[in-house]
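Whatever order the structure lists them in is the order used to number ligands and atoms, beginning at 1. As the structure is a prediction and not an experimental result, all values here were calculated from the model.
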Amino acid sequence: MITVADLWTRLDALARPLPGERVPLASAHGRILHEPILAPEDQPPFDRSAIDGYLVHVEQPAGLAVLEGTIQPGSPAPAFAPSPGTAYRVLTGSALPPEKAALIMQEDTKATDTGRVHLLQPPSTKHIRRRGSQARAGDMLLSSGQILNAGALALLASVGATTPLVSRPARVAHLVTGGELVSPDTTPAQGQIRDSNSTLIAALLRDTGAALIWQQRVSDSRTATADALTAALATNADVILVSGGASVGDHDHTGALLAAQGFTIHYDKVASRPGKPFIAASRDGRLAFGLPGNPLSHFVCFHLFVKRVLARLAGTEPSALVRAKLAPRAELRPDPRETWWPCVWADEGATRRVLPLPWRDSSDLTVLGAAEGLLRVPATAGAGAEVEVLPCR
Ligand code: AMP
Ligand code: MG
C-alpha cells in the first residue's frame, strides 16, 4: 500500500498545470496568477504631496510667502518649484515639480487675508512621496503562482493590468454512487441514508475555486454506474470524482469501470486512516479519483489528495503542513496506518496548540463542521509533543 507522502509525489507528477486564460479583473478574484507583473513605470509615477498644505522652494525659510495659486490633485505638476518668497496651495495627491520643492503642513501655517501665508516653521521634503519610492519601472510587483486576493487585484488595477493571465478553474464532474442514498430533502426509508457527499464536495470545490460542472447520483447497479460514468466522461471535465464504491465489495465498481474506460489505475489503496480505499487513475492527462463513501474518509481524501491536485492544476503550491504543539493530555489512538485526525487550534498565549476532536469512525460527520485541520499521527509510533497539521480551512 502506498504511503500518503509517496502518493503526494506521484500526484504532483500526474497533475500538470492547466493552461491559463486572460480574464477581466472582476473575474480574477481567487485565481492564480500565471505571469509575473512588472511595474510599467515608476511607482508613484510622479512626486506628489502626502499632505494638505503649501508647496514652496526648498530654501524657503519660516515667515511670510505670497500665495500664487492652487495645484489641484489630478492637474499636471508645475515644471519648476515656486521661487523663494512664494507658495502654492497643495492638497493630498497634488503633483509636485521634480526639483527644489518642499512642503509645509496646513497645521504649521497661518493664512493671512492679504493673499499671503505665514509659515510658522521651515518647510521640509519629508511629506513628498517621491517618484519611484515604492517601485521602479520593471520591478516585479507580483510573481507568477501568487493568488489574486483583494490586495493583489487592487495592485493590478493601479498599474492598469486589467486582463491578467490567470489559472482556469479546473472543471470537475462528480458521480455519487450508492443504492442506499436519498436526496437530503427526502425522509429516508428504513435502511436508507441521506447523501451528504454531494453537498460536501460541491462546497469544498467552491472553497478551492474549482468548477463543479456535473454532479449525479446513481444506484449501485453496474450498468447504471457505467452509464453515469460515460456521461461524466462526455463532459469536458478535467477531473472526475467518484464517491463510494472504491473498495472491494460487491457494489464497488469504480476501479473496474475506470479501467474499462481506458484509465490506468495507479493506486487503489493508500495507507491512511481514514481514507484507505482511494483510487487514483488517469487517461491522456485527464484525472479520475475514487473516494471512499464514508463522509469523514471523503473529507480526508479530498483535503489530502484532491485539493492538492486542484492546486497543482491551478499552477500553485498545495497547502503546506503546519508544525504545532499538541495540547496536553490529548489522546490519540496510534494505528498501523498514518492517521489524519480532525482537530482545532487551541492557542495558549503565544503557543499555537492543536487539539484533536473526538471521532468514532470514518462515517462520523459530527466533527466535520468544527474541524480546522487534520492532525497527522504517524503510523505505529503515534504522535509526539510536536505534530504536523494540514489546514483545512
Ligand atoms: P462505500 O464507499 O460506497 O462502500 O460507502 C461506505 C459508507 O459510506 C457506506 O456506509 C455508505 O452508506 C456511506 N456513503 C456512501 N456514499 C455516501 C454519501 N454520498 N453520503 C453519505 N454517506 C455515504
Ligand atoms: Mg457504496
Undergrad: May I ask you to say whether R168 pairs ionically with E21, meaning some side-chain N is under 4.0 Å from a carboxylate O?
TA: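 Here R168 does not pair with E21 in a salt bridge, since their nearest N and O are not under 4.0 Å apart.
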Undergrad: What residue and heavy atom of the protein are closest to atom 18 (C) of ligand 1, and at what distance?
TA: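 Going by distance alone, atom 18 (C) of ligand 1 is nearest to N197 ND2, 3.1 Å.
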Undergrad: For atom 7 (C) of ligand 1, which protein heavy atom lies nearest, and how many Å away is it?
TA: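 It is N294 OD1, 3.2 Å.
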Undergrad: Between R393 and D207, is there a salt bridge with N-O shorter than 4.0 Å?
TA: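 Looking at R393 together with D207, the answer is no, because their closest N to O distance does not fall below 4.0 Å.
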Undergrad: Looking at ligand 1, does S243 have a heavy atom less than 4.0 Å from it?
TA: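 Per 4.0 Å heavy-atom rule, S243 does not contact ligand 1.
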Undergrad: Specify side chain, backbone, both or neither for V176, according to which of its non-hydrogen atoms lie closer than 4.0 Å to ligand 1.
TA: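 It is the side chain that touches ligand 1; the backbone stays farther off.
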Undergrad: Below the 3.5 angstrom mark, is there an N/O of G293, backbone or side chain, next to an N/O of ligand 1?
TA: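 Yes, at least one N or O pair falls under 3.5 Å.
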Undergrad: Compare every heavy atom of P164 with every heavy atom of A28, then report the nearest pair and how far apart it is.
TA: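 Closest approach of A28 to P164: CB-CG, 4.2 Å.
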Undergrad: Got the closest protein heavy atom to atom 19 (N) of ligand 1, with its distance?
TA: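 I find the closest protein heavy atom is D195 OD1, 2.8 Å.
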Undergrad: Does the pair R312/E317 count as a salt bridge with the N-to-O cut at 4.0 Å?
TA: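 E317 and R312: salt-bridged.
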Undergrad: Identify the closest protein heavy atom to atom 22 (N) of ligand 1: which residue and atom is it, and at what distance?
TA: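 Ranked first by proximity to atom 22 (N) of ligand 1 is I193 CD1, 3.4 Å.
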Undergrad: Could you check atom 9 (C) of ligand 1 against the protein and tell me its nearest heavy-atom contact, residue, atom and distance included?
TA: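 For atom 9 (C) of ligand 1, the nearest protein heavy atom is E180 OE2, 3.9 Å.
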Undergrad: So, 4.0 Å and heavy atoms of R194: is ligand 1 close enough to count as a contact?
TA: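 Yes.
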Undergrad: If every non-hydrogen atom of T351 is compared with every non-hydrogen atom of K325, which pair is closest and at what distance?
TA: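 Between these two residues, the closest heavy atoms are CG2-CD, 4.1 Å.
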Undergrad: Just one of P169, P17, S167 clears the side chain to side chain contact (heavy atoms under 4.5 Å, CB included) bar with I32, so which one?
TA: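 Of all the options given, the one that passes is S167.
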Undergrad: Does ligand 1 come near enough to L291 that some N or O of the ligand is less than 3.5 Å from an N or O of the residue?
TA: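 So ligand 1 has no N or O lying under 3.5 Å from an N or O of L291.
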Undergrad: Less than 4.0 Å between a side-chain N and a carboxylate O, is that true for E338 and R273?
TA: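 Salt bridge flag = no for E338 with R273.
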Undergrad: Check each of S243, S196, S363, S362 against H298 using the side chain to side chain donor-acceptor pair (under 3.5 Å) test, and report the only one that passes.
TA: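 Result for side chain to side chain donor-acceptor pair (under 3.5 Å) with H298: S243.
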Undergrad: Kindly say whether the aromatic ring centers of F278 and F289 come within a distance under 6.0 Å.
TA: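 Yes.
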Undergrad: Who's closest to atom 1 (P) of ligand 1 heavy-atom-wise, of G245, P184, S196?
TA: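 The option holding the nearest heavy atom is G245.
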Undergrad: Could you check atom 4 (O) of ligand 1 against the protein and tell me its nearest heavy-atom contact, residue, atom and distance included?
TA: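 Going by distance alone, atom 4 (O) of ligand 1 is nearest to D252 OD1, 4.0 Å.
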Undergrad: Looking at ligand 1, would S363 count as a contact under a 4.0 Å heavy-atom criterion?
TA: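 No, S363 has no heavy atoms under 4.0 Å from ligand 1.
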